[in-house]
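Values below: every heavy atom of this structure, side chains too, minus hydrogens, waters and symmetry copies. Keep in mind it's a predicted model, so treat the numbers as computed, not measured.
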Amino acid sequence: MIPITLLLSLPLLASKPHYAALPAWAQTQWQQQKLDQTFSRSNYLHTALLQADFNGDGKVDVAIPVVRRVTGSQGVIIFHQGQAAPFMIGTTSNPTDELPKGSLAWATQWKIFTKRKTYEVYLDKQETLRERPVTLRYSAIEFSDGEKGGILYWTGTHYRWLYQSC
């Protein structure tokens with residue numbers, strides 16, 4: 001016979017979110033930057049983390065979905081192996097027009113994008129929807145809600161957002 005206290009605690013155990021363990025070097029960055037004071041890990045993208053060489057230095061980097069504790073905005077933190085400061089995207093107003101503004105709450109899926117050629121959707125001066133080809137040098141991250149999306153990629157010095165649909 002199972003004790004009633006154990007039965008009552010089972011739904012709590014089952015509903016607790018599970019996150020894949022960060023590699024030790026990324027966990028160290030998380031702790032050194034005290035990111036747990038500002039962010040909590042999330043599973044809104046239905047994959048706990050992505051690993052690839054995002055910046056082309058030959059080392060595997062890690063991206064994790066997060067939520068800003070104060071505002072609830074959803075974003076991603078990217079840890080480059082061997083660099084102390086991580087990159088935070090989508091959890092606040094980004095200081096550049098090259099990144100998406102605000103929360104990434106619209107995204108439900110993300111995956112590693114390894115193709116070298118893709119396209120960007122933009123409005124020309126006459127406000128006509130156009131596409132232009134873009135060549136990627138490194139693995140990127142593709143975000144989607146099933147219909148619209150974009151690609152986040154490293155330019156060699158910073159991250160940039162490619163709109164794939166409007």
Side-chain angles (χ1 to χ4, degrees), residues 17-122 133-166:
H18 172 72
Y19 307 112
L22 289 173
W25 63 268
Q27 182 64 38
T28 299
Q29 283 188 21
W30 176 271
Q31 292 168 338
Q32 286 176 344
Q33 296 290 321
K34 298 182 170 126
L35 294 172
D36 59 332
Q37 293 176 4
T38 306
F39 302 99
S40 60
R41 290 188 63 186
S42 176
N43 60 1
Y44 75 94
L45 289 168
H46 307 294
T47 302
L49 61 86
L50 295 179
Q51 297 185 72
D53 182 6
F54 298 122
N55 64 350
D57 65 357
K59 300 174 186 170
V60 175
D61 305 310
V62 174
I64 59 170
V66 295
V67 173
R68 184 175 286 273
R69 291 183 187 275
V70 173
T71 64
S73 63
Q74 298 171 334
V76 170
I77 293 180
I78 301 173
F79 299 97
H80 287 183
Q81 193 170 169
Q83 294 184 9
F87 296 86
M88 289 157 254
I89 294 144
T91 59
T92 186
S93 294
N94 290 303
T96 173
D97 287 335
E98 294 187 333
L99 292 172
K101 302 290 188 244
S103 180
L104 294 176
W106 60 269
T108 57
Q109 306 164 35
W110 69 334
K111 64 182 178 180
I112 302 295
F113 186 87
T114 57
K115 295 178 186 173
R116 293 298 169 222
K117 295 200 183 263
T118 189
Y119 63 91
E120 178 176 27
V121 174
Y122 69 99
V134 177
T135 300
L136 302 176
R137 293 185 279 174
Y138 317 113
S139 295
I141 303 172
E142 182 177 15
F143 294 83
S144 171
D145 70 354
E147 293 182 23
K148 66 179 185 268
I151 293 177
L152 183 69
Y153 75 99
W154 183 252
T155 66
T157 58
H158 60 277
Y159 279 96
R160 182 166 186 275
W161 181 260
L162 288 179
Y163 287 95
Q164 297 277 281
S165 58
C166 294

In Å, rounded to the nearest 0.5 Å, how long is the span from [atom1] of [X] to [atom2] of [Y]?
| X | Y | atom1 | atom2 | answer |
| --- | --- | --- | --- | --- |
| Arg41 | Leu35 | CZ | CG | 11.5 Å |
| Phe79 | Phe54 | CZ | CZ | 12.0 Å |
| Arg68 | Ser73 | CZ | OG | 5.5 Å |

What pair of heavy atoms forms the shortest contact from [X] to [Y], and how long is it?
| X | Y | value |
| --- | --- | --- |
| Ile112 | Ala52 | CD1-CB, 3.8 Å |
| Gln33 | Ala85 | NE2-CA, 4.3 Å |
| Gly75 | Leu104 | CA-CD1, 4.0 Å |
| Gly150 | Trp161 | CA-CZ2, 3.4 Å |
| Gln74 | Ser103 | N-OG, 2.9 Å |
| Trp30 | Ile64 | CZ3-CD1, 3.7 Å |

Using side chain to side chain contact (heavy atoms under 4.5 Å, CB included) as the criterion, list what pairs up with [X], not counting sequence neighbours.
| X | value |
| --- | --- |
| Gln32 | Thr28 |
| Phe113 | Lys115, Thr118, Leu136, Ala140, Glu142, Ile151 |
| Gln83 | Asn55, His80, Phe87 |

Do [X] side-chain atoms and [Y] backbone N/O form a donor-acceptor pair below 3.5 Å?
| X | Y | result |
| --- | --- | --- |
| Ser139 | Thr114 | no |
| Arg116 | Tyr138 | yes |
| Thr47 | Leu49 | no |
| Tyr119 | Leu162 | no |

Taking C-beta and beyond as the side chain, do [X] and [Y] meet within less than 4.5 Å on heavy atoms?
| X | Y | result |
| --- | --- | --- |
| Thr38 | Arg69 | no |
| Ile141 | Ile78 | yes |
| Glu120 | Arg160 | yes |
| Val76 | Trp110 | yes |
| Gln81 | Pro23 | no |

How would you list, by chain and number, every residue that makes a side chain to side chain donor-acceptor pair (under 3.5 Å) with Thr135, sequence neighbours excluded?
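Partners of Thr135 by the side chain to side chain donor-acceptor pair (under 3.5 Å) criterion come out as none, since no residue qualifies.
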Go through the structure and list residues passing salt bridge (charged side-chain N to carboxylate O under 4.0 Å, His left out) with Asp145, not counting sequence neighbours.
Lys148
Inter- and intrachain pairs under salt bridge (Lys or Arg N to Asp or Glu O under 4.0 Å), touching residues 45-64, at least two apart:
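Those involving residues 45-64 do not exist here.
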